[in-house]
Amino acid sequence: MSPGKQTNFYQSVWCKEGSCKTDSLELIGEEPFLIRIEDNPYSVVMRTPGDELVHATGFCLGEGIIDSLDDIKRIGYDRQMDANVVDVWLTLERRKKIPHLLKRKSYVSQTSCGICGKKMIEDLNQILTPAPDGFEIELGDAFDCMNKLSKNQKYYQRTRGSHAALLFDHTLKAIAFAEDVGRHNGLDKAIGKTVVNKTITTASLLVLSSRISYELVQKAARAQIPIIISNSRPTALAVQMGQSLNMTLAFPGKESELIIACGKHRIKTNIEN
């Protein structure tokens with residue numbers, strides 16, 4: 001098995017007014033990754049090599065293919081030990097529950113979009129349930145958790161080309177982190193780690209480096225994560241989905257300002273309404 005490189009170096013020309021120089025440039029790696037379900041191609045995503053097994057696990061949870069790790073009978077690299085191909089085999093009981101999903105044709109997911117080209121919104125609404133209430137965070141803790149995201153990133157500072165996802169439990173202890181060229185891949189990997197480590201039921205806060213798009217809300221909702229905080233604004237569809245699923249979506253504004261797009265009741269601001 002020869003896994004691809006997570007970063008690559010290239011000779012580049014760096015120019016400014018009056019001068020140019022040649023230097024090496026480190027860029028984030030990107031390779032196709034095939035996920036096969038029951039020996040049939042299900043999805044090809046463009047991702048940064050690494051964490052393939054947890055990536056596939058998190059992807060399957062987000063798609064509704066599994067509800068828990070117990071639904072997977074076996075998971076591993078293909079027979080040729082190709083690091084870009086992972087096979088997922090489900091239990092008989094699980095296969096009986098999702099025949100409509102297993103009949104889907106394979107699709108290609110671009111780096112920037114988790115489910116582009118799929119007629120999925122109606123299907124997604126059928127497998128998503130509203131997030132539970134009961135978990136709240138202080139405004140200051142929200143910013144502390146956001147700061148921890150950048151401290152965990154090792155590729156972005158070097159390549160300026162990666163996205164990251166950091167998951168916290170209800171005590172605000174970090175339980176999973178992942179970084180990838182694709183924002184949806186990073187989240188799939190982080191969620192996949194919590195599925196494998198059996199900490200997914202404690203996941204309560206998600207911090208993202210990217211904008212909050214509707215497919216990221218979908219993945220978080222499948223994992224029953226009530227709060228998402230991102231460095232960028234959410235899309236209108238993401239907020240619409242977040243509202244319908246009783247989720248909290250927020251992002252930073254000017255200075256120490258946190259803008260809450262929906263679900264304000266989970267952010268304690270010590271201000272009377």
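None of the values given here were measured: they were computed from a predicted structure.
- A distance-only check finds a donor-acceptor pair linking the side chain of Thr235 to the backbone of Ala238 [under 3.5 Å].
- The side chain to side chain donor-acceptor pair (under 3.5 Å) search around Gln153 returns none, not counting sequence neighbours.
- Counting heavy atoms from C-beta on, the side chains of Val207 and Lys148 never come closer than 4.5 Å.
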- Kindly determine whether Thr269 and Lys264 satisfy side-chain contact (heavy atoms from CB on, under 4.5 Å), including the steps that lead there. CA-CA 9 Å; Thr269 59; Lys264 181 182 180 298; 4.3 Å; yes
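- To the nearest 0.5 Å, atoms OG (Ser162) and CG (Asn185) are separated by 12.0 Å.
- The salt bridge (charged side-chain N to carboxylate O under 4.0 Å, His left out) test applied to Glu38 returns Arg95, not counting sequence neighbours.
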Just distance, no hydrogens or angles: give the donor-acceptor pairs under 3.5 Å from side chains in residues 85-93, sequence neighbours left out.
residue : atom : partner : partner atom : Å
Asp87   : OD1  : Arg36   : NE           : 2.7
Asp87   : OD1  : Arg36   : NH2          : 3.4
Asp87   : OD2  : Arg36   : NH2          : 2.9
Thr91   : OG1  : Arg94   : N            : 3.2

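- Two residues are said to be in side-chain contact when any heavy atoms from C-beta on lie closer than 4.5 Å; Lys268 and Asp141 fail this criterion.
- With a 4.5 Å cut-off on side-chain heavy atoms, Ile72 and Cys60 do not count as touching.
- Contact record, Tyr42 with Glu63: OH-OE1, 3.3 Å, taken as the closest heavy-atom pair.
- Partner Asp188 forms a salt bridge (Lys or Arg N to Asp or Glu O under 4.0 Å) with one of Lys193, Arg47, Lys219 and no other, that one being Lys219.
- Nearest heavy atom pair, residue Cys262 against residue Met247, reads SG-O, 3.4 Å.
- Every residue two or more places apart in sequence or in another chain that forms a side-chain contact (heavy atoms from CB on, under 4.5 Å) with Pro32 is listed here: Val44, Met46.
- Between Asn84 and Leu34 the shortest side-chain heavy-atom distance does not fall below 4.5 Å.
- Residues Ile227 and Glu136 form no side-chain contact, since every pair of their non-hydrogen atoms from C-beta on lies 4.5 Å or further apart.
- With hydrogens and angles ignored, the 3.5 Å screen pairs a side-chain donor or acceptor of Lys189 with a backbone N or O of Gly50.
- Annotation for Leu206 and Ala165: closest pair CD1-CB, 4.1 Å, computed over non-hydrogen atoms.
- Shown here are the side-chain contact (heavy atoms from CB on, under 4.5 Å) partners of Val195, two or more places apart in sequence or in another chain: Thr57, Leu61, Leu69, Ile191, Ile200.
- Between the side chains of Thr201 and Gln224, no donor N or O sits under 3.5 Å from an acceptor N or O.
- With a 4.5 Å cut-off on side-chain heavy atoms, Thr48 and His55 do not count as touching.
- Here the OG1-CG distance, from Thr194 to Leu167, works out to 6.0 Å after rounding to the nearest 0.5 Å.
- Taking 4.5 Å as the limit, some side-chain heavy atom of Ile137 sits within range of a side-chain heavy atom of Ile229.
- Remark: side-chain polar atoms of Glu179 are not paired, donor with acceptor, to backbone N or O of Ala164 under 3.5 angstrom.
- Contact record, Ser232 with Ser209: OG-O, 4.3 Å, taken as the closest heavy-atom pair.
- Leu102 is not listed as a side-chain neighbour of Asn40, based on a closest heavy-atom distance of 4.5 Å or more.
- Contact detail for Pro226 and Phe135: the closest heavy-atom pair is CG-CD2, 4.1 Å.
- In this structure, the side chain of Asn152 does not engage the main chain of Leu149 through any donor-acceptor pair within 3.5 Å.
- Glu52 approaches Tyr77 most closely through the heavy-atom pair OE1-OH, 3.0 Å.
- Here the straight-line distance linking atom CZ of Arg183 with atom CG of Leu208 works out to 9.5 Å at 0.5 Å rounding.
- At least one donor-acceptor pair closer than 3.5 Å links the side chain of Thr248 to the backbone N or O of Gly263.
- Atom CZ of Arg266 and atom CG of Leu249 lie 10.0 Å apart (nearest 0.5 Å).
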- Task: Quick one: do Leu187 and Gln218 satisfy side-chain contact (heavy atoms from CB on, under 4.5 Å)? Show the steps, please.
- Result: CA-CA 11 Å; Leu187 182 52; Gln218 167 235 326; over 6 Å; no
Return a table of donor-acceptor pairs under 3.5 angstrom between the side chains of residues 169-178 and protein atoms on other chains or two or more places apart.
residue : atom : partner : partner atom : Å
Asp169  : OD1  : Thr171  : N            : 2.9
Asp169  : OD1  : Thr171  : OG1          : 2.7
Asp169  : OD1  : Leu172  : N            : 3.1
Asp169  : OD1  : Lys173  : N            : 2.9
Asp169  : OD2  : Thr171  : OG1          : 3.4

- Task: Run the numbers on Leu216 and Ile228 for side-chain contact (heavy atoms from CB on, under 4.5 Å), then give the verdict.
- Result: CA-CA 9 Å; Leu216 299 188; Ile228 306 177; 5.7 Å; no
